[in-house]
Amino acid sequence: MLTSLKKFSVFGLFVAILSFLPLLAQAQQQLPLPRMVSLRAEEVNVRTGPGVQYPVKWIFKAKAMPVEIIAEYDTWRKIRDSEGEEGWIHRAMLTGKRALVVIDAETKMMEDPIENSAIVARLAMGIVAEIDECNSSWCHVNTRGYDGWVARTAVWGVYPHEVIQ
């Protein structure tokens, strides 16, 4: 009898856990919109609609490229890129890691977050960098073996008043 009671308890616990899974999944989808994320893979298909039945609009070929999620439908996310183009990507192709992309023709990566600091590197338009932190005017980033500060006005991937620590 004790063995059948243990089996019943384990089964009851299993059923209880399964009943909470939909609530957990729903809670994960309750993230704020819009929000910034980045691409998880080297190549990511962007589709005209939320599903594989929709044609591919274009293909991103840059891992960690920042995009903005502007809508959600089931497991699909409608995104906007730094040029304002929109399309749909499966959520498995996105990560919460924060990145930015240089949008100026060239921007200086500085040693410290001040204009007259030493220049660490010059970053060309389109360079993607991982964000370490951002204050009101500067972001500390790393890319291609360099790390330093870039002016927020020269990059895309961070909201105007957003602070990242």
Side-chain angles (χ1 to χ4, degrees), residues 24-50 52 54-165:
L24 182 61
Q26 185 179 22
Q28 288 177 341
Q29 293 177 351
Q30 297 296 328
L31 295 172
L33 290 176
R35 67 180 178 276
M36 294 289 189
V37 295
S38 59
L39 302 181
R40 185 181 301 272
E42 291 292 333
E43 287 192 6
V44 176
N45 291 336
V46 181
R47 297 183 176 275
T48 59
V52 293
Y54 292 93
V56 173
K57 196 171 178 180
W58 80 86
I59 301 173
F60 273 116
K61 295 195 180 226
K63 185 176 183 176
M65 178 67 74
V67 294
E68 180 181 33
I69 296 176
I70 57 174
E72 297 180 335
Y73 178 78
D74 194 26
T75 58
W76 292 86
R77 304 297 178 256
K78 187 173 187 181
I79 59 95
R80 179 182 300 129
D81 69 8
S82 63
E83 297 175 357
E85 295 294 321
E86 297 178 2
W88 291 86
I89 296 177
H90 191 274
R91 72 176 179 198
M93 296 289 98
L94 302 169
T95 177
K97 289 183 181 179
R98 295 299 297 275
L100 52 75
V101 61
V102 175
I103 56 172
D104 281 359
E106 179 182 270
T107 193
K108 298 172 190 167
M109 178 185 280
M110 311 302 275
E111 189 172 299
D112 296 302
I114 52 176
E115 284 294 330
N116 59 356
S117 178
I119 298 172
V120 174
R122 295 180 191 277
L123 305 179
M125 182 186 293
I127 295 292
V128 175
E130 185 178 310
I131 299 172
D132 292 325
E133 66 178 287
C134 292
N135 61 32
S136 60
S137 302
W138 298 85
C139 288
H140 188 268
V141 300
N142 60 69
T143 185
R144 302 179 182 202
Y146 295 96
D147 69 280
W149 295 88
V150 294
R152 289 174 69 135
T153 56
V155 298
W156 186 88
V158 181
Y159 293 114
H161 301 291
E162 182 179 21
V163 174
I164 299 174
Q165 297 179 342

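All figures in this text were calculated on a predicted structure; none of them were measured in a lab.
The line from CG of Asp81 to CZ of Phe60 is 4.5 Å long, rounded to the nearest 0.5 Å. Note: Asp104 CG to Ile127 CD1 = 13.0 Å, rounded to the nearest 0.5 Å. With rounding to the nearest 0.5 Å, the separation of CZ in Arg91 from OH in Tyr73 is 13.5 Å. With values rounded to the nearest 0.5 angstrom, Met109 atom CE is found 7.0 Å from Asp147 atom CG.
Of the candidates Ile131, Val101, Val155, Val101 is the only one forming a side chain to side chain contact (heavy atoms under 4.5 Å, CB included) with Pro66. In summary, of the residues considered (Glu162, Glu130, Glu133), a salt bridge (charged side-chain N to carboxylate O under 4.0 Å, His left out) with Arg98 occurs for Glu162 alone.
Here Lys63 does not pair with Glu42 in a salt bridge; the nearest charged N to carboxylate O distance is not below 4.0 Å.
The two atoms that bring Thr48 and Tyr54 nearest to each other are OG1-CB, 3.5 Å, heavy atoms only. For the residue pair Ala64 and Ala99, the shortest heavy atom distance occurs at O-CB, 3.1 Å. The two residues Trp156 and Met36 come nearest to each other via the heavy atoms CZ2-CE, 3.8 Å. Listed here is the closest heavy atom pair of His90 and Thr75: NE2-OG1, 3.2 Å. Minimum interatomic distance between Asp132 and Val141 (heavy atoms only, all atoms of both residues): OD2-C, 4.1 Å. Residue Ala62 comes nearest to Leu39 through the heavy atom pair O-CD1, 3.7 Å, listed as atom of the first residue, atom of the second, then distance.
Side-chain N or O atoms of Thr143 include one that pairs as donor or acceptor with a backbone N or O of Val128 at under 3.5 Å. Remark: the backbone N or O of Pro160 is paired with a side-chain donor or acceptor of Arg152 at under 3.5 angstrom. Of the possible donor and acceptor atoms, one in the side chain of Lys57 sits under 3.5 Å from a partner among the backbone N and O of Glu86.
Tyr159 OH: more than 12 foreign heavy atoms inside a 6.0 Å radius.
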I'd like a table of donor-acceptor pairs (distance under 3.5 Å, sequence neighbours excluded) in which one partner is a side-chain atom from residues 115-123, with atom names and distances.
{"unit_1": "Ser117", "atom_1": "OG", "unit_2": "Glu111", "atom_2": "N", "d": "3.4"}
{"unit_1": "Ser117", "atom_1": "OG", "unit_2": "Asp112", "atom_2": "N", "d": "2.8"}

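Remark: Pro113 pairs with Asn135, Trp138, Trp149 by the side chain to side chain contact (heavy atoms under 4.5 Å, CB included) rule, at least two apart or across chains. A search for side chain to side chain contact (heavy atoms under 4.5 Å, CB included) contacts involving Leu33 returns Arg35, Ile69, Glu72, not counting sequence neighbours.
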